[in-house]
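Every value quoted in this text rests on a predicted model; they were computed, and no experiment measured them.
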Amino acid sequence: MAIFEELAGTLSGTTSDQPPLLLLHGLTFDRRQWAPLLAELPGRRVLTLDLPGHGQSPSQRSYRMPVVIDLIQRAVDAAGLDAPIIVGHSLGGLIATTYAARFPARGVVNLDQPLLPGPFGHVIRDAEPALRGPRWRAVWDELLDGMGVDALPTAAWSLVERTSRPRGDLLLGYWEEILRSSDDELEEQRRKDLTALADKQIGYRWVTSRRPSGEYEQWLCDLLPDVEIILMEGGHFPHLAYPEEVAKLL
């Protein structure tokens, strides 16, 4: 483990002709969850980071997106990575998308993260009173129950359990954008980000566990005509359910 500016991380592999990788985990988890995928990438130059407030990275006063991606960018610079391919799981997929719109990147692989809040946004907004009180953990546990963890192989299921450290302040901090912005405002921001990716000709692959609605797929393809949508059924953790297949995408 090393500290890259303010974020804890692990830099592995050697510099080669292949682009380096930056791996960003999901909300409440940490960089250890990438172990099965890393085993499929021997020798590849990879930086795995603990997001702010997660794992061994220190807590922050704010977890707003600009703060988070600035911390990540400084860590990438400290690690000496040049325009990595950014792989993000769940919330990490949204962070990867936003990061690539603002900083040098060669591609994005989004693991099971829709870019618009949709029904999830309504759930989080309705749950805000509970999230601000003693019942916050029940909200998170209910969401986790719907992520298909039980369908994972035993070792992968155990890894999810070991790497999850939910905290109420993290949920509120990372979901602040949903809680304080309307769907229209969020759609406009995502539109700007995807337009920037298209203008920079940054490749984008979205791995999803279920087929999106026709409306969402059309919205995404209109903004990113070259997007590749890859269906990997079996729950919210494709990098744990299909590490070999995800590695081949990279």
Check [Y] with [X], please: is the shortest side-chain N to carboxylate O separation under 4.0 Å?
X: Arg125; Y: Asp183; result: yes
X: Glu187; Y: Lys192; result: no
X: Arg190; Y: Glu177; result: yes

Smallest separation among heavy atoms of [X] and [Y], with atom names:
X: Trp140; Y: Met147; result: CH2-CE, 4.0 Å
X: Leu179; Y: Glu128; result: CD2-OE1, 3.8 Å
X: Pro36; Y: Leu159; result: CD-CD2, 3.6 Å

Open item on the list: Can you see whether Ser59 engages Arg167 through a side-chain donor-acceptor pair at a distance of less than 3.5 angstrom?
Closed with: yes
Exam field: side chain [X] to backbone [Y], donor-acceptor pair closer than 3.5 Å:
X: Glu188; Y: Glu185; value: no
X: Ser164; Y: Val160; value: no
X: His89; Y: His236; value: yes
X: Arg32; Y: Arg162; value: yes
X: Asp112; Y: Ser90; value: no
X: Arg205; Y: Val109; value: no
X: Arg31; Y: Leu23; value: no

TODO: Quick one: list whatever passes salt bridge (charged side-chain N to carboxylate O under 4.0 Å, His left out) with Glu6, sequence neighbours left out.
DONE: Arg74
TODO: Using the test ring pair (Phe, Tyr, Trp, His ring centres under 6.0 Å), find all partners of Tyr63 that sit at least two apart in sequence or belong to another chain.
DONE: Tyr174
Task: Set of ring pair (Phe, Tyr, Trp, His ring centres under 6.0 Å) partners for Trp175, sequence neighbours left out - done: Phe120
Could you tell me if the side chain of [Y] sits less than 4.5 Å from the side chain of [X], heavy atoms only?
X: Val67; Y: Pro52; result: no
X: Asp141; Y: Trp136; result: no
X: Arg44; Y: Pro19; result: yes
X: Leu47; Y: Pro84; result: no
X: Trp206; Y: Val108; result: no
X: Leu11; Y: Val46; result: no
X: Thr208; Y: Met232; result: no
X: Leu21; Y: Leu41; result: yes

Open item on the list: Between Leu186 and Leu116, does the side-chain contact (heavy atoms from CB on, under 4.5 Å) criterion hold? Intermediate values first, please.
Closed with: CA-CA 7 Å; Leu186 293 173; Leu116 298 179; 5.6 Å; no
Open item on the list: Who clusters with Leu231? Use side-chain heavy atoms, under 4.5 angstrom, across I, L, V, M, F, W and Y, and order the result by chain and number.
Closed with: none
Tabulate below the donor-acceptor pairs under 3.5 Å that side-chain atoms of residues 237-250 make, not counting sequence neighbours, or state none.
residue: His239; atom: NE2; partner: Gln33; partner atom: OE1; Å: 2.9
residue: Tyr242; atom: OH; partner: Glu233; partner atom: O; Å: 2.4

- [ ] Please check if atom CD in Glu215 has more than 12 non-hydrogen atoms from other residues, nucleotides or ligands closer than 6.0 Å.
- [x] no
Task: Crowding at CH2, Trp157 (>12 non-hydrogen neighbours, <6.0 Å) - done: no
Are [X] and [Y] in one and the same hydrophobic cluster, where Ile, Leu, Val, Met, Phe, Trp and Tyr link if side-chain heavy atoms are under 4.5 Å apart?
X: Leu22; Y: Leu51; value: yes
X: Val207; Y: Ile229; value: no
X: Val227; Y: Tyr216; value: yes

TODO: In sequence, state the C-alpha distance, the side-chain angles, and the governing distance for Arg211 and Glu217, and then conclude on side-chain contact (heavy atoms from CB on, under 4.5 Å).
DONE: CA-CA 9 Å; Arg211 200 77 205 177; Glu217 185 170 351; 3.1 Å; yes
TODO: Check step by step if side-chain contact (heavy atoms from CB on, under 4.5 Å) holds for Leu27 and Leu171.
DONE: CA-CA 8 Å; Leu27 183 60; Leu171 301 182; 3.7 Å; yes
Can I get a per-line list of side-chain donor-acceptor pairs under 3.5 Å for residues 96-105, giving both atom names and the distance, sequence neighbours left out?
residue: Thr97; atom: OG1; partner: Gly93; partner atom: O; Å: 2.8
residue: Thr97; atom: OG1; partner: Tyr204; partner atom: OH; Å: 2.7
residue: Thr98; atom: OG1; partner: Leu94; partner atom: O; Å: 3.0
residue: Arg102; atom: NH1; partner: Thr98; partner atom: O; Å: 3.3
residue: Arg102; atom: NH1; partner: Asp193; partner atom: OD1; Å: 2.8

TODO: Walk me through it: do Arg45 and Thr14 pass the test side-chain contact (heavy atoms from CB on, under 4.5 Å)?
DONE: CA-CA 5 Å; Arg45 193 68 162 168; Thr14 58; 5.6 Å; no
- [ ] Please test Glu142 against Arg137 for salt bridge (Lys or Arg N to Asp or Glu O under 4.0 Å), starting from the C-alpha separation and ending with a verdict.
- [x] CA-CA 9 Å; Glu142 185 174 351; Arg137 182 60 189 259; over 6 Å; no
